[in-house]
Amino acid sequence: MKVRFKGKEYQAEGGSTVLDFLARMEGVEEDRLIAARLNGREVDLSSPLEEGSLELITWEDEEGKEIYRHTASHVMAQAVMELFPGTKLAVGPAIKDGFYYDFDLPEALSPEDLPRIEQRMEEIVQRDLPLRREVVSRGEAVELFRSLGQDYKVELLEEMEGEEVTLYRQGDFVDLCRGPHLPSTGRLRHFKLLSLAGAYWKGDETRPMLQRIYGTAFDKEEDLSAYLHFLKEAERRDHRRLGRELDLFSFHEEAGPGVVFYHPRGAVLRGIIEDFLKEEHRKRGYQMVVTPHLFRGRLWHESGHMDYYRENMYVFEKDGMEYVVKPMNCPGHVLIYKTRPRSYRDLPLKFFELGTVYRYERSGVLHGLLRVRGFTQDDAHIFCREDQLREQVEECLEFAFYSLRTFGFRDFEVFLSTRPEKSVGSDELWERATFALRDSLVELGIPFQVDPGEGVFYGPKIDVKLKDAIGRLWQGPTVQADFNLPERFNLQYTGRDNRPHRPVVIHRVVLAGIERFYGVLLEHYAGELPPWLAPVQVVVVPIADRHLDYANRVREALERAGIRVEVDDDRETVSMKVRRAQLQKIPFTLVVGDRETEGGTVSVRDRAGRDVRGVPLQEFTVKVAKMVEERVTTADWEG
RNA sequence: GCCGGUGUAGCUCAAUGGUAGAGCGUCCGCCUUGUAAGCGGUUGGUUGGAGGUUCGAUUCCUCUCACCGGCUCCA
């Protein structure tokens, strides 16, 4: 039979396996092979060869990593079964950067068990057990897993369609699995178990809680250590730690979870972000508004929030009246819209607010600044005609990208989220809104993915996710088209025809929740904020007491140029003061002693430790002021 | 909310049922200092909170709060 491989056609014998064939091919390293793609299907190396086209799957392919890690999850499952007899297996897929397996265990695992399990995995690797694929009828499989007491597998089988299923066996271990897999457990090289977690069976909180073990596996040792290094790096950048170390913000048990206290330095950074937003919105024709935090419940019934969002709202009663702490700003903006008749000539009308909202979040989900209960959005509502929708959405997206780039983010991923199950409004309205968003993205040439069912209850949305310095994605701007809100509140404008018309509302945020953005920003820069964002931009270090006067003159000169500067006048050594400034991640440290005092200069040390002496004060001031003005994203003194 | 873990001085962490400790920090001296820790002393704790077991609890048990890793949810 004929087999096509890498553009050439080969004659192959019947009855041979994929591996038999590949092993004979030029440039194929047998022990690097993971699986193969035969006529478009992913198959095991041990599969029988068929006529058609054959492609390699190696570690370099995404599928290769997946298969490799999926096998790792089977090895882990076998290890757990051996160590904890009676364990019931749930599911164990490969995920981004690793794998997990969910178990129903007779006892609770503790982190100390992970090394034991890892060790047993090593042994299984040593045994070099072949992974054998087996095709059986669904009935047989049900019988097998029932006899093994594997109830979850039985449940999975009962929900599956088709009459045949595949099993994979390695030694005594058997699992229901589509495959493919590595040819044998001996092929698994570098792996590590990372953490333990609870997880509901099928992600359903009404179903049993299982124990999940997360791990990762790599082909090469250096890739594993690079990944472990990445995890360390993420920990080093943890904004919660930076917030404490840099004295930016805190949380307090006595104040309740999920509400942030910004310290003086932290408030400076927040102020810079807010000033940026106010200025940019003003430039783009937004009108700033301010609305209260507390409304009567009535408004939220009208808006639909009480029906669709109540579990997230703080609702209480006073004087027999229902009140709501606002979880969103839209109803407030609508009230302002409705204070007078609007003409088509007023549109688009763009109301912007740094609106602080409170949303009840379940206690287990709170996470530093990234997930809080009280936060401020750079929220705007654009009231426009339907024919202006696309152009307005495009403007929003451009605004968002401009802002993110200014703050130093370069890479983005864009998602279009469609109608969720729990939602208001007719199919027709949803369709129109969804198409408007899609068209804007297409018009701007922005690549995007569709996220089905992930829209908000009142409309579809575009989400922009930003990639940080170490490649993690974070939720950023969103733009939502809403035909429902205008309907509910009976919003109108007078058209050219002197008749009432219904406007469309666009909800959009640029940096989104300021708290979340703040946290992401800290992690992105690992606390080493560029000069325009750094709460303290310069620390002046006088060498001895006699240099204090000059240090203060330097400070005043810098302050006159609008630079945020402090003098470290503690009676400490220069080394100590430099160290403190470095640990505080201050962009520039100026050491001043006799030479500087005489010459009217400063010694500049930047965060990277570069040290340039004898810089004229004037030159330093101008250069830093320029860095701030230009909002550069680094703080290197030279280069 | 659920599963697991953790809560000891401002921070990082010791103390396995028998009087709660270290380093750093704070404060006070001395040193007047040239680019990431000068020296000495001092201060600091209802061991997250409440209850229980015990002659005795940081340690064991129950409840509760907060935090951490996840699940679910989400800006």
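So that the names make sense, note that chain A is the first sequence line, chain B the second, and so on, each numbered from 1. Both backbone and side-chain heavy atoms feed into the values below; hydrogens, waters and symmetry mates do not. Quantities reported herein were computed from a predicted structural model and do not represent experimental measurements.
Contact of A:Glu254 with B:G49 (side chain to base): no donor-acceptor pair of N or O atoms is detected under 3.5 Å. A donor and an acceptor atom never sit less than 3.5 Å apart when one is taken from the side chain of A:Gln582 and the other from the base of B:A37. At a cut-off of 3.5 angstrom, counting only N and O atoms as typed in the model, there is a donor on one side and an acceptor on the other between the side-chain of A:Ser603 and the base of B:U35. Residue-to-nucleotide contacts include no donor-acceptor pair under 3.5 Å from the side chain of A:Tyr100 to the base of B:G70. A donor-acceptor contact under 3.5 Å is formed by the side chain of A:Arg605 with the base of B:A36.
Across all strands shown, B:U35 has no partner, as no Watson-Crick or G-U wobble contact with both distances under 3.5 Å is found. In this structure, B:G7 and B:C65 make a Watson-Crick or G-U wobble pair, each of the two defining distances being under 3.5 angstrom. Pair assignment for B:U72 gives none, since no Watson-Crick or G-U wobble pairing has each distance under 3.5 Å. Under the Watson-Crick or G-U wobble criterion, with both distances below 3.5 Å, B:U19 is left unpaired in every strand shown. Pairing for B:U42 is absent, judged as Watson-Crick or G-U wobble with the two contacts each under 3.5 Å.
Between the CG atom of A:Leu369 and the P atom of B:C68 there is a distance of 11 Å, rounded to whole Å. Rounded to whole Å, atom P of B:C73 lies 17 Å from atom CZ of A:Phe457. A straight line from CZ of A:Arg579 to P of B:C24 spans 11 Å, rounded to a whole angstrom. Rounded to whole angstrom, the span from the CZ atom of A:Phe415 across to the P atom of B:A75 amounts to 14 Å.
A sub-4.0 Å separation between OP1 or OP2 of B:A75 and a side-chain N or O of A:Lys461 is present. Considering only side-chain N and O atoms, A:Arg371 lies nowhere under 4.0 angstrom from the phosphate OP1 or OP2 of B:C67.
Note that A:Lys350 lies in the cation-pi zone of A:Tyr286, set by a 6.0 Å cut-off to the ring centre and a 45° limit from the axis.
With contacts defined as side-chain heavy-atom distances shorter than 4.5 Å, the pair A:Glu638/A:Val612 qualifies.
Distance noted for atom P between B:G29 and B:C68: 40 Å (whole Å). The C1' atoms of B:C55 and B:G23 are separated by 36 Å, rounded to the nearest whole Å.
Ring-base stacking between A:Tyr214 and B:G70 is not satisfied when judged by a centre separation under 5.5 Å and a plane angle under 30°.
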